[in-house]
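What follows is one structure encoded as structure tokens, with my remarks underneath.
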Amino acid sequence: MMPRLLAFALVLSASMTTPASSQTAEQQMFLQANPGLAQQLQRQSGAQKSSGPSEGAGVPTSGEIKVLNADDAIADPSLLTQSRASNAREESVIQRYYSILTRDVLPIYGAAEFGQSQDTQLLFFNTMGKDYRLAAGDVLRVTLRGLTESDASYKIGRDGNLILPTLAPFSVAGLSIAKAETKLLDVLRYDDASATVYMSLDTARLITVQVSGAVKTPRTVAVPAYTPLSRVLAYAGGIKPTGSLRNIVLRDRDGNVNQVDFYDFLQSPEGANDPLVTDSSRVFVGNQGNTIAAIGFVARPGIYELPEGTASLPVGSILELTGTRILPPGVKLEALYFDESGLSQSREVSRSSVLKAGEVLSIRFLSTRLTDVIRVKGAVLEEYQIATVKDLSVGELLRGGAVLSEAASRDVALVISENDTSKVIDLERALDDPKFTLSSGDVLHVFTPANLRNIARADVNSSDSNILLGFVEAESAELFLNGSRISFIPLSAEDAFKEILRPFYRLTPQTSLDLAILEDDSGSARAVSLRSLLLSSAPFVVSAGDKIHLFENQFLAISADVLTSDPTQEIVTQKDDDATWTEFSQLITRAGVMRVFIDDSLRALLPSSENPTLALILDTLGFAGSRRFSDLVSVERLTSENRNILQLKSIAGDLEARLPEKTRSVTLYTQSGKEELLNKPDSAQFEELTSKALNLYINDEQVQLAAPSDLLNPDSEISQELSSQDIYPLFAIHEYFDDTEQFWKKDAVSLSDLRSEFFANKIEPGDRITAFTRNFLFELVNPGSGSGSGSGSDALQQLIGLQIAGSDIEEEVQSESQRRLGEQRPANAEQLAQKNASAPETSAYLQFILSVSRYVSGAVERPGYYPVAGSVTLSQLLSAAGDLTQNADTTRVEVIKQKVNGGKIVADEVQRFDLTKSDASSLRLLGRYSVNVPAFINDVATGLVTLAGEVQRPGEYLIARDETLHDLIARAGGLTGVAYPLGAVFTRESLKDSQRESNMVLADQLEQSVLQVASSDVEGAGEQVTAVLKYAGQLRSQDVTGRLSVNVALSDVSGPVYLQGGDTLTIPKRPSHVSVIGSVQKDTVASYSADKRLSAYLAAAGGSSRTADLKRAYILLPNGESTSADEDSIIPPGAVIVVPPKTDRLTVLGLTDLVSRVLGNIATSVLAINNVR
Amino acid sequence: MFARIWIVCAGTLMASTVYADMPSAKLFLGNTSLPKEVGTGEAIIWRPTVDGLTRYQFRLPRSGVRDALKYQDSSALFYMSQTSDLGLQLVREQTGEIHVSVAPEHSSAKYTRSLTHELSYHLGVEFSSETARLSLGASWRNVTGHTQLDQTTATRTGNTVHVSWTRTKLSSADHLERLYSVSSEAGDFKARFGTRWFDFFQSADMLAEVGVDGDAFVIGAQIEREIGSAAVFFGAVSNLASGNTDFSLGVEYHFGKHTKVGATTQTGLISREVQSLKSLRRAALPSHWRNSVDISAGTIKINAP
């Protein structure tokens, strides 16, 4: 049963404690009024907390009494150490009370003084005063000098006697050390007059003090003798929060009571009453008396105990108590208290007012900034402020800039004034300008370029930096690079732009000098050339809110290699940040930036407000002077949908002219881009361009699109194209749309007409000019005369004839009919055109061209038909025909006039001109005519003859009309030593045809005869027929040589051999073989020997075959002649022995002879070819 | 070498200097003469002579001669030369000629020598039926056409006088010759007309004749074939009046160029006695060339046939 009751009691006590720890305000007041109850409560809760045995706190007072001294304390430090409980922080009720009232936990004044931990080492250095009375336990160090010398420590015995070795014990208890020393000396002097004694306290004795009352660990402690009370309290863990510092009672062994007010001790150590404790003293700490608290602008905020027996205190005393010496002006004194209903209240009090216990003196002092100063912040060596009431110049403020850090930017600074208005200044200028002053309250922010950039880049809406806000609100301009703000710029009205820009942006090679956009506060923007801005020295006004946009080439992607690298690359590199791009796009639209396209890709943005010239645009693109571009430039207006061509310009002609107003887009074409365009004639862009351009066709291919004005400009591409040497100058076709007839028409014009002012005025955008190259035109109207086949030429010749013969109508009517003809394109002309693949389209013009063609024949380079537009001079026409050859007989140039008579064109008169006397360029030809230039008669050079082989100087020889073969051989130095004159092969072109023809005839005859044989079915003829047919086939396929048998050794054998052009003489080397062909076992080339006869050669060929007709065998001599072969025959080297087949079965048909001839021809050719080889 | 062309004619019977008709070349011909400069001009002219007759003329190019010497081969020179048919011409034979004929009943030996181009004489001895008679005669010949040679001969043999006239005419195509002969000996009149086809079969010629022998008609034919220096023939002669047919087989052999020995079984065809122009055909030129042109040791020797 007993344990159950104990547990019940514990629970009960716990339930009683809990309300006490959560006291209400009323309760607090109650406690405040009844300290005894509070003490009781405190004790109760303290008993609970220290329910365990007291841990090593001091020396137990019970048990045997032992005289202890400080040595014992060293041996057992626990004798002196504070209890651990003293370290536990507790919040007392009174503290909680005041914390409710002041919302702050206030310290209890002085409580910490006695709770501080004691250093045990310090214990032994207690200063022993002269009043130290020796007692049992003290250890004295005694040094004797004289007759007897000793140096030893001696402990005073319990009886108070000191026992020295040679002396009788003598009492020192109650003596001071000096007295004890005197007493010992007196004793010693009896025996030794010279004796001296030195005595000192080695170790003091320990005394016991009982500490009780409101201390944290009430107990009896051993402390060194002569320890002050204040320190003893510390050994007891200090005074409880509920303990009084003003009511401590010290009662000594003798019953003397000493009441100590520690406030005196705390307030004034001078007159402090901190008595030394004596052995067996008792210390009692009473309960805390009435308290009052002070907070706010006081020296020592805290809870103060009122003097014993008082319940109120004047404010002045409180201030004194709290150590508050000053009360600044404007300070507000208040008393905080709980009113009757327990609500915390305050009232204003004065210095003389009296506060009651439980009230709090609150001194409110509103700290205010110094407003009469100018502050300097940021990139200075140390931030500082200067108090001033008058305005200071920036130079003064910054000590002429000496306070600025090295990295400080002198270009811009921000001044934020007291009233939050801000201003961006040019620091450099402000430093020099004494008139530029700052008022007190201003803050000058100086920046390093780096933090300036960071500030500039920050987003004003997501930054709480007042500096950024200051910049934004300041009267400043902003500088943007590639759409991002990089700096704020001070306003300016005097400086040139480059001066303004320089501090904030350094131009780099990347900077686009061609485009800058100036945007003002109202959002209106204009594009300008950065270059011209920089070059201008006129003041540039920077107003508040202005935005200067600069761009880098990389951002605009303008670089010289753009054109060559990636044609699809757009001008503005696509940003990840779409917003930037969108903003940029809007900006350039707003600013009226002109877009420069190259081959349909946006390549540059230029300010259009200045109506730049093409030269400037090219310069901007870095292509000034480059031939990369074609002349064609289209100047466009931007609409919402696309670009509309305003007009076409030419790089060649309009380079320096300003572009028209409203030009918002310019398209340049590279050579390749234009060619690409020309290759896509179906594109809409091409169609639009052709309608505005002058279209130049050469032959049938469009080669140029050009501004119409280019025609008059000799430097333009179109002019250069037309002045090419290849272009036929006398004729071109101009096609234009006739508005009245609503039809395309064409005119013949010459190139000189094209370049005339008259024509230039006539030309309209969209017109077509077709020029022709000389060769193309020549081939067209003179087919077959050159390399072309002759198949189409007849038809065309007829056409030409027809055209010329039929053109007997009036000029205008004729042109109409031609147009019809041209549109209908006669079938034969079309076929011709298809054959002539090089001119598929132009044949539409063929009739037209032919009708104006004039014939030039004779000694000109290229005789043929030449179309002319209008009248030409004779020299022009002759030049068109490639000019006169050297052989031309200029004394009798003939112009054959033609006229139309009775529906026919007939020759009129023949006019002869001596061009050595009259100037061909002054002879103007009109109407119908043809021109003939006779050539000189040439007897000296009639042709070329080739000498080859074994002549001393082989080669081609120009021969005179009467030169003979033997003359020529002599000219060639004669024959070489190894020549074989008998084998000379002399061929003549003119003989080839007849030879070939005769071979064919012969072969035909043979075959026809054989056909008859086949049908006649002569017995045994089959074999011979086969042989014969073989020869016929061979004859057909045999090359002919056109050989003429000549004797090169004898010039007069058959009269002179006159040479003809194209003749060839080949002298072989002496051969060393004889060929055997025909009806032998195997056609053989046998080696030659002078001794060999026919039979030997036949034997070399394996003998004659069964069909051989040896009787008719013959020898084909190397010179092409032949002789019958028999055993006596002389067979020279290189000869061919021909053994014909028997044709006895065929004799009836007369074939024998035919076969011989066939075989002979074959052999002759073989022989000649062999010789030549 | 070029200019040193030596043409040496070598006689077989006597080592005498002979003259070849080469006026334009101004050649000096001799067999042992020291080398002499030949005249200028690009050609050397040579006319091969056969039996005191010549027909073709070669113009030998000097360059060809040079090459022939160089290569020791005259075949090309043959064809390089210009060969002209000048027609028959008489040449005086420098040497005499001996002709021996042996037959069973009548043998003879005769030495003939030219006096001029046209005129020659002959001496001989005839053996018949154990009697031997000397004979002496003269012969006159002249060219009566391009390829026609007439010859009149009178011979006294013992007491008898034999007079004959012959004509040989080579056809234009050179493939046959016609032989005419009329003779009278001691009142016997004989006339013959013959034709010789050259290369009638293989290399053999065919000779056929018709004639009158007194008052009897005679026909005959024979095959002739030359084999090297020899010639053989076989023929038959039929007397249509008597009906006798005599077959004859004969051999002739040439010793050198000027001695001919023949032996026959019968007298044979009278046309055979008429001088043949076979050797004067174009087809015979290679044969002449072979026989006459000898190239050895750096000289070309052209022997007059």
Side-chain angles (χ1 to χ4, degrees), chain A residues 950-951 966 969-970 974-984 1045-1055 1067-1072 1074 1088-1095 1097 1110-1112 1114-1136 1167, chain B residues 1-2 24-25 41-45 57-84 173-175 198-204 225-228 278-279 281-296 300:
Chain A
E950 298 301 323
V951 289
H966 295 88
I969 292 171
L975 306 183
T976 69
V978 296
Y980 189 53
L982 187 63
S1045 178
V1046 293
N1047 189 330
V1048 296
L1050 293 169
S1051 59
D1052 55 352
V1053 171
S1054 50
I1067 311 281
K1069 280 186 181 170
R1070 181 184 162 88
S1072 54
V1074 169
Y1088 170 77
S1089 168
D1091 301 334
K1092 278 186 180 173
R1093 295 201 181 203
L1094 177 65
S1095 55
Y1097 290 118
L1110 279 178
K1111 198 174 172 186
R1112 304 175 63 82
Y1114 59 94
I1115 299 165
L1116 196 57
L1117 298 170
N1119 61 5
E1121 295 172 351
S1122 60
T1123 181
S1124 60
D1126 58 31
E1127 203 57 13
D1128 277 339
S1129 297
I1130 294 171
I1131 303 172
V1136 180
L1167 181 77
Chain B
M1 280 297 290
F2 177 76
S24 62
E42 61 177 3
I44 298 164
I45 292 175
Q57 170 184 283
F58 284 93
R59 293 181 71 239
L60 308 177
R62 287 177 184 277
S63 59
V65 172
R66 181 194 58 198
D67 287 348
L69 287 170
K70 179 177 175 182
Y71 297 110
Q72 289 291 295
D73 177 14
S74 64
S75 57
L77 178 61
F78 175 76
Y79 292 108
M80 297 270 291
S81 304
Q82 184 193 4
T83 310
S84 312
D174 277 6
H175 65 287
F198 306 119
D199 300 327
F200 179 77
F201 177 72
Q202 299 292 339
S203 301
R225 171 83 193 258
E226 288 183 9
I227 304 165
K278 183 183 180 185
S279 300
R281 291 178 304 152
R282 181 178 283 274
L285 285 175
S287 173
H288 287 306
W289 185 269
R290 285 183 186 283
N291 294 333
S292 308
V293 179
D294 175 24
I295 295 181
S296 60
I300 291 183

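The sequence lines fix the lettering, A, B, ..., with proteins before strands; numbering per chain opens at 1.
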Salt bridge present between D73(B) and R1070(A) (N-O < 4.0 angstrom): yes
Which portion of A979(A) sits near chain B, non-hydrogen atoms under 4.5 angstrom: backbone
Interchain contact, I1131(A) with chain B, by part (heavy-atom threshold 4.5 Å): backbone
Heavy-atom contact with chain A under 4.5 Å, split by part of R282(B): neither
Heavy-atom proximity to chain A below 4.5 Å, by part of Y79(B): both
Euclidean distance, [Y] [atom2] relative to [X] [atom1], rounded to 0.5 Å:
X: Y1114(A); Y: D1126(A); atom1: OH; atom2: CG; value: 15.5 Å
X: L1117(A); Y: S1129(A); atom1: CG; atom2: OG; value: 9.5 Å
X: N1119(A); Y: L982(A); atom1: CG; atom2: CG; value: 5.0 Å

T83(B) and Q57(B): side chain donor to acceptor below 3.5 Å: no
Residue, of A1135(A), G977(A), S1089(A), that accumulates the most heavy atom pairs under 4.5 Å with chain B: G977(A)
